[in-house]
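Heads up: the structure comes next, in structure tokens.
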Amino acid sequence: VMEPDVRRMLKHELRTPVNHMIGYVELLLEEATDDGLDDIAVEASQIHADSKAIAAEVERYFASWTGDSIDDACLDLKAQIGPLVDRVIEQAQSSIRSSSGTWAAEFRHISVAANKLSSMISRSRPLDEVTGGVAQFVFAGMPTLG
Amino acid sequence: MPKLLLVEDNEENREILTRRLARRGYDVVEARHGMEGIELAGSARPDIILMDMTLPGIDGSEVAARLKANPETCSIPVIALTAHASEADRENALAAGFDDFDTKPVDMERLLQKVENSLRKGHSK
């Protein structure tokens, strides 16, 4: 049985920046480990652990989500994963400041993705403005929310 | 060096996967949408294709069906990549003609194992 469309698409929208965080930090870990840069690898490892924890929480949340309200989902998720997302942003920003060149750019990718996720769960901008495209379908299908 | 065609519309996902696969010795060719994927499957002659299932325009399932219907590309293994991880998603992907299926976020070791298995099967045909 396929997942209900709204849950499927909202989860997809929220998972996309989480997947970017995980992907970029795993790439960074591979590169730092190969280059023997232990300090960079340690910083990246903390971000990796937090990003994986965020992904697990999002999965757990949507496994039992009733689909009543997108706003409520964002509020709940902000309470559950907000501190972790903030910690990733802080760590990435700190690493940007302490790194140089390519490494700073790599941490910037992570910071951008984490900030995008933070905007989504904070609803500081409508979800469809943050993500473009798919979420518009979600809102079109749920006109009473927003 | 195996040539791998990556069909992925999301810029960040494309960059991450391209760089990680290149580090593992793959020659990665990128397509941003399904039509570009079909064109490059014919012109670049990849050994294997990794394809996002949710693509703008024609989606991944339709692209896979067209590739499998074309005698020039039907033997190229195609692995579906999707953020949707249910058993129904997997069954739909295999029914659409994909040779294998994997989920995002990518577990690199698992994905590479699937790529290598598909390449081996392709060569033994």
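In the text below, chain A, chain B and the rest are named by the order of the sequence lines, each starting its count at 1. Predicted, not measured: the structure shown is a model, and the values here were computed from it.
Per-residue heavy-atom pair counts under 4.5 Å with chain A were compared for B:N10, B:I16, B:V106, and the maximum is reached by B:I16. Counting heavy-atom pairs under 4.5 Å between each of A:R15, A:E26, A:E30 and chain B puts A:E30 at the top. Between chain A and the residues B:E87, B:E15, B:R23, B:K104, the largest count of heavy-atom pairs under 4.5 Å involves B:R23.
In terms of heavy-atom proximity, B:L112 sits nearest to B:Y26 at CD2-CE1, 3.7 Å.
In this structure, A:R60 pairs ionically with A:E57, as a charged nitrogen and a carboxylate oxygen lie closer than 4.0 Å. Note on B:D99 versus B:K68: salt bridge recorded, some NZ/NE/NH1/NH2 to OD/OE distance being below 4.0 Å.
In this structure, chain B has heavy atoms under 4.5 Å from both the backbone and the side chain of A:L27. When heavy atoms are compared at a cutoff of 4.5 Å, A:E106 approaches chain B solely by way of its side chain, counted from C-beta outward.
Listed by chain and number, the residues in a side-chain hydrogen bond (donor to acceptor under 3.5 Å, both in side chains) with B:T18 are B:E30 (sequence neighbours excluded).
In this structure, the side chains of A:I40 and A:E31 stay at 4.5 Å or more apart for every pair of heavy atoms.
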